[in-house]
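Working notes, structure below.
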Amino acid sequence: MNIEKIRQPFLKNFPGDFSGNPMQRVTPKVLFSTINPAGFENPKVIAFNEKLSEESGLGKFESSDINFLVGNDLPANIQSYATAYAGHQFGNWAGQLGDGRAILAGEITNNSGQKTEIQWKGSGATPYSRHADGRAVLRSSVREYLMSEAMHHLGVPTTRALSLCFTGEDVVRDMMYNGNPQNEKGAVIIRTAESFLRFGHFELASAQREYKTLQDLVDFTIQNYYPEITSSDTQKYKDFFKNVCTRTADMTTEWFRVGFVHGVMNTDNMSILGLTIDYGPYSMMDEYDLNFTPNTTDLPGRRYAFGKQGQISQWNLWQLANALHPLIKDEKFLEDTLNSYGNYFWETHDKMLCRKFGFDQLINGDEDFFSNWQGLMQELQFDHTLFFNQLEKVDQENDVKDLFANVSYTNLTDDKLRKLEDFIQKYNERLSKNNITKKESLNLMQKTNPKFILRNYLLYQCIEEINDGKTELLDKLTQALENPYQEIYPEFSEKRPSSYDDISGCSTLSCSS
């Protein structure tokens, strides 16, 4: 790989701490601390994303690159660092946080001028580790490596993953926080993004009343990542906030499209570019449930449940608005922008649902149709993805029960079957109002509804196999997630087996996951 091209523009623009001391501490009035990865004696490559490496400008993998993939023996051109940020966690102000187990190598530019930040995760403690060890275990690393790539190929804005490696050491973790710590295999991933800047970076500068740093940070973000903003003075900052709102709404709508539940939508886990970031206790939804949260830490309040993700994204934007207020200084603008966010989000959301159902446009009555559909999905416990796959096959000759019986997590009694048949009748009536042909409607559905999603039980199986030294399922899942709108492996197009219902890591997970 061509790591000689990696550079660190961020370090030149903002106040930082150059001590290189990994001791966990508060670092007031700085946005980063230089720190070197811990280094590992016996690393081993599990997976490497050749396509992403070529796209980003790093080039082909060579055997000697293993040292860079885990942060060993860095070349002289790389000064690695961790950034400080703040945030609201589960609705409460948490103060200074920061990159606790993530260390940035820097930025690389490919031949097309596209910039990509490169970051190790699990490579050792930083000043922001808050008394943790900065390591990562295999299971959480596999989950982030595969799901971030799955989301990319689904068309959802996201960070991506370049590599997955064993570190050769064991890490002690209490997976469910129940007083049962165990040794687990350690791992490091390299993840990439256009930028890893979060809402929390702006919250930190504002909370510390470092308004010049805040302004410099916003100017830096606009210049590097928001080329569409050409205004100046205060209007520039207003346009910036409106663009962040739009990108956040668009990203969250995509989560609803594919049935993704983030699980921990704290403001420090929100990308300023509208990317899905920090894959922890997430889940792709099996049975449709607006109240589903995969995060055991989120119980019993279910703040981050599937159906609340639009509401929480707006709440997080309120916190960002508070942070940017010293630059914008216009309460009415901020309030009006945030109050109109709900209208934009739900209109975008409903237009997305139109595409899932094969409707060419949103018309009067669709809101009621979608509400009835949601109620039906929850009552009949339909699998979110498989329901739409079967809906594509509905016609006058197919028996409704035969089509949908195997995509429900409950028995379809006669009463439930009548409700389904009534819905299908209303669906056909709604299809008749389209201005496109049946074939065009079907094409729209097939482009919108994936055939493959990376379910938690599949990830669980994959992690177990890698622990045993096997990679066959990893290879199959990688091929499937790169082609999510095709049915490459029919065995993956089935609902979650009941044998996985109560296994930790398959339906619910902790923040340690």
Side-chain angles (χ1 to χ4, degrees), residues 87-88 91 155-157 197-203 206 214-215 217-219 221-222 225-258 260-262 265-277 290 303-356 359-371 374:
H88 287 79
V156 182
L197 283 170
R198 309 152 182 264
F199 287 14
H201 285 101
F202 302 84
E203 287 188 280
S206 187
L214 176 65
Q215 183 174 6
L217 183 59
V218 176
D219 288 343
T221 306
I222 292 172
Y225 311 115
Y226 281 86
E228 65 270 29
I229 297 177
T230 58
S231 50
S232 59
D233 302 324
T234 303
Q235 186 59 45
K236 173 173 63 173
Y237 305 125
K238 291 182 177 180
D239 291 343
F240 170 67
F241 182 66
K242 289 177 70 173
N243 275 263
V244 174
C245 288
T246 298
R247 291 196 190 189
T248 301
D250 291 345
M251 172 196 70
T252 311
T253 298
E254 288 297 288
W255 293 357
F256 278 93
R257 177 176 67 85
V258 299
F260 176 78
V261 194
H262 187 280
M265 289 178 67
N266 297 329
T267 59
D268 53 293
N269 293 337
M270 297 293 290
S271 161
I272 203 68
L273 303 188
L275 306 176
T276 312
I277 191 171
L290 292 171
R303 175 181 177 83
Y304 298 139
F306 175 67
K308 295 181 181 177
Q309 291 181 129
Q311 171 189 339
I312 292 299
S313 66
Q314 184 183 39
W315 191 93
N316 288 339
L317 287 163
W318 275 103
Q319 311 320 309
L320 180 63
N322 290 333
L324 296 178
H325 180 264
L327 303 184
I328 295 174
K329 298 177 181 178
D330 187 338
E331 292 87 351
K332 187 177 187 305
F333 163 78
L334 291 171
E335 290 178 2
D336 289 347
T337 302
L338 288 163
N339 287 334
S340 64
Y341 177 84
N343 293 332
Y344 175 80
F345 171 79
W346 285 114
E347 182 179 358
T348 304
H349 174 274
D350 288 351
K351 287 180 178 178
M352 173 274 295
L353 282 182
C354 280
R355 295 192 296 275
K356 287 184 75 68
F359 304 157
D360 62 332
Q361 61 182 330
L362 187 66
I363 64 174
N364 290 336
D366 280 349
E367 288 185 10
D368 290 338
F369 176 85
F370 296 146
S371 294
Q374 288 176 330

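Computed from heavy atoms alone, side chains included, the values below leave out hydrogens, waters and symmetry copies.
Closest heavy-atom contact between Tyr341 and Cys245: CE1-O, 3.3 Å. The two residues Val261 and Ala305 make their nearest non-hydrogen contact at CG1-C, 4.4 Å. Between His262 and Thr276, the shortest heavy-atom distance links the atoms CD2-CG2, 4.3 Å. The two atoms that bring Asn322 and Pro326 nearest to each other are O-CD, 3.8 Å, heavy atoms only. Residues Ile328 and Thr234 share a closest heavy-atom pair of O-CG2, 3.4 Å. Across Gln361 and Asp366, no two heavy atoms sit closer than the pair O-OD2, 3.8 Å.
Looking at heavy atoms from C-beta onward, His88 lies out of side-chain contact with Trp318 at the 4.5 angstrom threshold. Counting only heavy atoms from C-beta outward, the side chains of Lys351 and Arg355 approach each other to under 4.5 Å. With contacts defined as side-chain heavy-atom distances shorter than 4.5 Å, the pair Lys236/Asp219 qualifies. The closest side-chain heavy-atom distance from Phe199 to Asp268 is not below 4.5 Å. Under the 4.5 Å side-chain criterion, counting only non-hydrogen atoms from C-beta, Phe345 is not in contact with Gln314. Looking at heavy atoms from C-beta onward, Leu353 lies out of side-chain contact with Phe369 at the 4.5 angstrom threshold. Put simply, the side chain of Phe370 does not reach to within 4.5 Å of the side chain of Lys356, judged on heavy atoms. A heavy-atom distance below 4.5 Å is found between the side chains of Asn269 and Arg198.
Rounding to the nearest 0.5 Å gives a distance of 10.5 Å between NE2 of His349 and OG1 of Thr252. Between atom CZ of residue Phe260 and atom CD of residue Gln309 there is a gap of 7.5 Å, rounded to the nearest 0.5 Å. The CE atom of Met270 sits 6.0 Å away from the CG atom of Leu317 when rounded to the nearest 0.5 Å. One finds the CG atom of Asp336 at 8.5 Å from the CG atom of Asp330 (value rounded to the nearest 0.5 Å). If you take OH on Tyr225 and CZ on Arg247, they are separated by 11.0 Å, rounding to the nearest 0.5 Å. Separation of atoms CG (Leu320) and OG1 (Thr267) is listed at 9.0 Å; rounding is to 0.5 Å.
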* To do: Please assess Val156 against Arg257 for the test side chain to side chain contact (heavy atoms under 4.5 Å, CB included), listing each intermediate value before the final yes or no.
  => CA-CA 9 Å; Val156 182; Arg257 177 176 67 85; 4.2 Å; yes

* Asked: Stepwise, does the side chain to side chain contact (heavy atoms under 4.5 Å, CB included) test hold for Thr348 with Asp250?
  -> CA-CA 7 Å; Thr348 304; Asp250 291 345; 4.0 Å; yes

* Evaluate side chain to side chain contact (heavy atoms under 4.5 Å, CB included) for His201 paired with Ile272, printing each intermediate quantity in order. => CA-CA 9 Å; His201 285 101; Ile272 203 68; over 6 Å; no

* To do: Starting from the C-alpha separation in whole Å, work towards a yes-or-no answer on side chain to side chain donor-acceptor pair (under 3.5 Å) for Gln235 and Asp239.
  => CA-CA 6 Å; Gln235 186 59 45; Asp239 291 343; 2.8 Å; yes

* Report the C-alpha distance between His325 and Glu331 in whole Å, list the side-chain angles of each, state the deciding distance to 0.1 Å, and finish with yes or no for side chain to side chain contact (heavy atoms under 4.5 Å, CB included). => CA-CA 8 Å; His325 180 264; Glu331 292 87 351; 3.0 Å; yes

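A donor-acceptor pair is defined here as one N or O able to donate and one able to accept, closer than 3.5 Å; such a pair exists between the side chain of Ser313 and the backbone of Gly310. Remark: side-chain polar atoms of Asn316 are paired, donor with acceptor, to backbone N or O of Met265 under 3.5 angstrom.
Within 6.0 Å of the NZ atom in Lys308, the count of heavy atoms belonging to other residues, nucleotides or ligands exceeds 12. Counting heavy-atom neighbours within 6.0 Å of Asp233 CG, excluding the residue itself, gives a total of 12 or less.
The six-membered or imidazole ring of Phe241 lies away from that of Phe202, with a centre-to-centre distance of 6.0 Å or more.
Here Lys332 does not pair with Glu335 in a salt bridge; the nearest charged N to carboxylate O distance is not below 4.0 Å.
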